Amino acid sequence: MAVSSGEADMNFSHSKLKEYICLANDSIKLKLIRNVDDITDDATTFYPEMTHQVFGETENIFGYKNLEVQLYYSAAKLTPYLCMKYSEKIDPDDCEGIKPDNVLKAIAQEMAPGYCQTVDDFVMQLSKDAAFKPYGELLRSYEVKQDGNSHRFEVYKCDVSAPGFRDYHARLQTFILWYIDAASFIDIDDNRWTFYLLYEKYRQNDCAAYASAGYMTVYNYYAYPQKLRPRISQMLVLPPFQKQGHGSRLLQVVYDDLIEQANVLDITVEDPSENFMRVRDYVDCKNCLQLPSFAPQHLGNGWSERLAREASEKLKINAKQARRIYEILRLRALKVGDDDEVKRYRLDVKNRLNKPFNRSKMYIDRLKQTLSSAEMVTIANVSETDRLEKLQTLYEETVKDYEHTINRLDNTRS
């Protein structure tokens with residue numbers, strides 16, 4: 001079939017426009033710059049895990065070919081540099097007035113004011129990193145072996161009263177846009193926030209230098225009558241430092257600090273991601289293994305108030321999380337080939353998982369007052385089949401999560 005000239009022009013125009021669509025995740029290059037050489041060193045580049053919080057659900061940028069957005073930070077003070085380059089930019093006059101995305105504006109409006117726009121300005125600001133000192137109180141230092149070398153890290157505790165910290169935090173929290181889904185900036189004017197900051201301490205030009213490596217925020221909720229219930233809100237280890245065990249170390253430092261405070265009732269977490277849940281499970285398991293009631297020989301006796309009480313009193317772990325840790329450690333302690341014990345474990349876990357379904361049963365019982373017997377038979381049969389299938393799926397997914405933590409416990413030597 002012949003194609004009209006108008007249709008051909010439309011198809012051509014659509015194809016032409018597609019050439020100007022770039023993937024934001026691949027176009028944005030981030031760096032933590034320690035010295036001038038890092039600016040041109042591709043090995044220091046890392047990329048966002050997500051960009052939809054800035055560029056929309058498609059995570060596309062329109063209007064450019066071979067787009068490269070450079071978003072660099074000085075390693076210590078996190079002074080930002082933002083610019084972009086491309087091989088070609090779309091001309092609105094050639095495509096019915098369609099304009100390219102304003103990339104720099106979209107990113108800049110999420111950043112603290114005052115980013116560098118030229119390399120020369122950035123290099124000048126970079127020199128100020130030499131005088132940087134971490135904010136707050138040093139809680140702990142530790143060594144990490146990487147590529148045959150030993151790297152020193154330090155964790156500091158800080159609040160909003162520290163001079164200069166507000167501006168630093170405004171720069172630090174911009175990273176969550178690229179790495180934490182549904183991220184939101186916190187109200188730093190609320191003095192109930194506590195910040196735990198992770199730095200690498202290294203030598204540069206024969207002097208001590210620091211590189212920002214990650215952080216955690218904790219909000220201190222009031223708990224009646226005179227207690228606090230700290231809630232972990234955000235935790236991020238910056239990409240150059242990931243997969244090195246810093247998340248679990250940072251969480252342990254926070255735990256140790258909060259457990260020592262007599263007015264802390266328990267420690268909770270706000271909407272934890274899957275990755276954070278795994279870090280939390282791992283650290284809680286390691287800590288609970290030190291408690292007498294969580295000894296492997298006792299776990300087969302079933303969940304008890306004694307387990308919940310000891311986890312709460314010694315580690316400030318709430319009952320829900322303590323039960324989860326008990327199930328992980330009990331699964332770890334199961335003897336291979338002991339079918340009876342495996343069955344008892346499965347039934348115990350399923351009984352807990354079944355509680356929400358019991359609430360659904362109460363709803364069905366209420367329906368009996370309005371539905372006929374025939375209608376109720378249909379609903380009851382479907383509901384029971386659906387319940388059993390969902391319960392089995394939920395159990396399998398739960399055990400799979402537990403096995404991930406067990407593997408890490410078995411493979412960690414520390």
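Here the structure is a predicted model, which means the values were calculated and not measured.
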(message) Regarding Lys400 and Glu403, does a basic nitrogen lie under 4.0 Å from an acidic carboxylate oxygen?
(response) no

(message) Could you check whether Gln70 and Glu68, counting side-chain N and O atoms only, form a donor-acceptor pair closer than 3.5 Å?
(response) yes

(request) For the pair Asn411 (side chain) and Asn407 (backbone), establish whether a donor and an acceptor sit closer than 3.5 Å, ignoring hydrogens and angles. (result) yes

(message) Going by side-chain hydrogen bond (donor to acceptor under 3.5 Å, both in side chains), name the pairs with one or both residues in residues 130-141, residues two or more places apart or in two chains.
(response) Arg140-Asp256, Ser141-Arg152

(request) Find out whether the Lys NZ or Arg CZ of Lys350 is both under 6.0 angstrom from the six-membered ring centre of Tyr395 and within 45° of the ring's axis. (result) yes

(message) I'd like to know if Arg332 pairs up with Asp410 as an ion pair, taking the criterion as any Lys NZ or Arg NE/NH1/NH2 lying under 4.0 Å from an Asp or Glu carboxylate oxygen.
(response) yes

(request) For Asp42 and Thr45, test the side chains for any donor-to-acceptor distance below 3.5 angstrom and give the result as yes or no. (result) no

(request) Would you please indicate yes or no on a ring centroid separation below 6.0 angstrom for Phe195 and Phe165? (result) yes

(message) Donor-acceptor check, side chain of Lys316 to backbone of Val264, threshold 3.5 angstrom: yes or no?
(response) yes

(message) Tell me every residue that passes side chain to side chain contact (heavy atoms under 4.5 Å, CB included) with Arg278, counting only those two or more places apart in sequence or in another chain.
(response) Glu274, Asp401, His404

(message) What I want to check is whether the side chains of Glu88 and Asn66 have a donor and an acceptor closer together than 3.5 Å.
(response) no

(message) Less than 6.0 angstrom separating the ring centers of Tyr142 and His246, yes or no?
(response) yes

(message) Using modelled atom types and a 3.5 Å cut-off, is there a donor and acceptor pairing between side-chain atoms of Gln242 and backbone atoms of Val237?
(response) yes

(message) Just verifying a value: how many Å separate Leu307 CG and Leu329 CG, rounded to the nearest 0.5 Å?
(response) 10.0 Å

(request) Nearest 0.5 Å please: distance from the CD1 atom of Ile328 over to the SG atom of Cys285. (result) 4.0 Å

(request) Report the distance from atom CG of Leu67 to atom OG of Ser87, rounding to the nearest 0.5 Å. (result) 9.0 Å

(request) Identify which one of Arg231, Arg192, Gln234 satisfies the side chain to side chain donor-acceptor pair (under 3.5 Å) criterion when paired with Tyr219. (result) Arg192

(message) Quick one about Tyr73 and Thr174 (side-chain donor to acceptor, distance below 3.5 Å, no hydrogens or angles considered), yes or no?
(response) yes

(message) Holding to salt bridge (charged side-chain N to carboxylate O under 4.0 Å, His left out), I want the full list of residues that pass it with Asp266, two or more places apart in sequence or in another chain.
(response) Arg229

(message) Let me confirm one number: the CD-CD1 distance from Gln125 to Ile33, rounded to the nearest 0.5 Å.
(response) 14.0 Å

(message) Would you call the rings of Tyr222 and Tyr224 parallel, tilted or perpendicular, taking 30° and 60° as the class edges?
(response) perpendicular

(request) Name all residues meeting the side chain to side chain donor-acceptor pair (under 3.5 Å) criterion together with Tyr402; count only those two or more places apart in sequence or in a different chain, and write none if there are none. (result) Glu327, Arg352

(request) Run the numbers on Asn263 and Gln226 for side-chain contact (heavy atoms from CB on, under 4.5 Å), then give the verdict. (result) CA-CA 7 Å; Asn263 63 338; Gln226 293 181 324; over 6 Å; no

(request) Return yes if some donor-acceptor pair links the side-chain N/O of Asn220 with the main-chain N/O of Leu228 below 3.5 Å, else return no. (result) no

(request) Apply side chain to side chain donor-acceptor pair (under 3.5 Å) to Arg408 and list each qualifying residue two or more places apart in sequence or on a separate chain. (result) Ser248

(message) Closer than 4.0 angstrom, basic N to acidic O: yes or no for Asp38 and Lys31?
(response) no

(request) Answer yes or no: is there an ion pair linking Asp386 with Lys390, defined by an N-O contact shorter than 4.0 Å? (result) yes

(request) Only one of Ile107, Ile28, Thr58, Ile61 passes side chain to side chain contact (heavy atoms under 4.5 Å, CB included) with Thr51; say which it is. (result) Ile28

(message) If the condition is salt bridge (charged side-chain N to carboxylate O under 4.0 Å, His left out), which residues does Lys128 pass it with, not counting sequence neighbours?
(response) none

(message) I'd like to know if the side chain of Asn318 reaches the main chain of Lys320, judged simply by a donor and an acceptor atom lying under 3.5 Å from each other, with no hydrogens or angles considered.
(response) yes

(request) With side-chain contact (heavy atoms from CB on, under 4.5 Å) as the test, would you mind laying out the steps for Leu78 and Leu32 before giving the verdict? (result) CA-CA 8 Å; Leu78 297 179; Leu32 289 172; 3.9 Å; yes

(request) Look only at the side chain of Glu59 and the backbone of Ala24, and say whether a donor-acceptor pair between them is shorter than 3.5 Å. (result) no

(request) Output, in order, the C-alpha distance, side-chain angles, deciding distance and verdict of side-chain contact (heavy atoms from CB on, under 4.5 Å) for Leu409 and Tyr282. (result) CA-CA 7 Å; Leu409 287 169; Tyr282 170 71; 3.8 Å; yes

(message) Does either side chain, that of Asp159 or that of Thr194, offer a donor lying less than 3.5 Å from an acceptor on the other one?
(response) no

(request) Kindly say whether Asn354 contributes a backbone atom to a donor-acceptor pair with the side chain of Asn351 at under 3.5 angstrom? (result) no

(message) Can you see whether Tyr64 has Lys89 sitting over its ring - NZ or CZ less than 6.0 Å from the centre and within 45° of the normal?
(response) no

(message) Before you tell me yes or no, could you show the steps for Val349 and Leu353 under side-chain contact (heavy atoms from CB on, under 4.5 Å), namely the whole-Å CA-CA distance, both residues' side-chain angles and the distance that decides it to 0.1 Å?
(response) CA-CA 6 Å; Val349 175; Leu353 296 175; 3.8 Å; yes

(message) The criterion is salt bridge (charged side-chain N to carboxylate O under 4.0 Å, His left out); which residues satisfy it with Glu49, sequence neighbours excluded?
(response) none

(request) Scan for salt bridge (charged side-chain N to carboxylate O under 4.0 Å, His left out) pairs involving residues 193-202, sequence neighbours excluded, and state none if there are none. (result) Arg34-Glu200, Glu154-Lys201

(message) Keeping Gln53 on the side-chain end and Leu177 on the backbone end, is there a donor-acceptor pair under 3.5 Å?
(response) yes

(message) Can you tell me how far apart OG1 (Thr405) and CZ (Arg324) are? Round to the nearest 0.5 Å.
(response) 7.0 Å

(request) Determine which pairs satisfy salt bridge (charged side-chain N to carboxylate O under 4.0 Å, His left out) with at least one residue from residues 91-113, sequence neighbours left out, and list them in order. (result) none

(message) I'd like to know whether Asp41 forms a side-chain hydrogen bond (donor to acceptor under 3.5 Å, both in side chains) with Thr44, so could you lay out the CA-CA distance, the side-chain angles of the two residues, the decisive distance to 0.1 Å, and finally the verdict.
(response) CA-CA 6 Å; Asp41 184 359; Thr44 62; 5.2 Å; no

(request) Would you please classify the geometry between the Tyr199 ring and the Tyr156 ring as parallel, tilted or perpendicular, with 30° and 60° separating the classes? (result) perpendicular

(message) Taking the basic N atoms (NZ, or NE/NH1/NH2) and the acidic carboxylate oxygens, is any pair closer than 4.0 Å for Arg166 and Asp189?
(response) yes

(message) Applying side chain to side chain donor-acceptor pair (under 3.5 Å), can you list everything that pairs with Ser312, at least two apart in sequence or on another chain?
(response) none

(message) In the structure I gave you, are the side-chain heavy atoms of Asp281 and Ile325 within less than 4.5 Å of one another anywhere?
(response) yes

(message) List the residues meeting side chain to side chain contact (heavy atoms under 4.5 Å, CB included) with Ala319, not counting sequence neighbours, and say none if there are none.
(response) none

(message) Can you classify the ring geometry of Phe46 versus Tyr179 as parallel (below 30°), tilted (30 to 60°) or perpendicular (above 60°)?
(response) tilted

(request) For residues 283-330, pull every pair meeting ring pair (Phe, Tyr, Trp, His ring centres under 6.0 Å), keeping only residues two or more places apart or in separate chains. (result) Trp303-Tyr326

(request) Quick one: pull up CZ in Phe62 and SG in Cys22 and give me the separation to the nearest 0.5 Å. (result) 10.0 Å

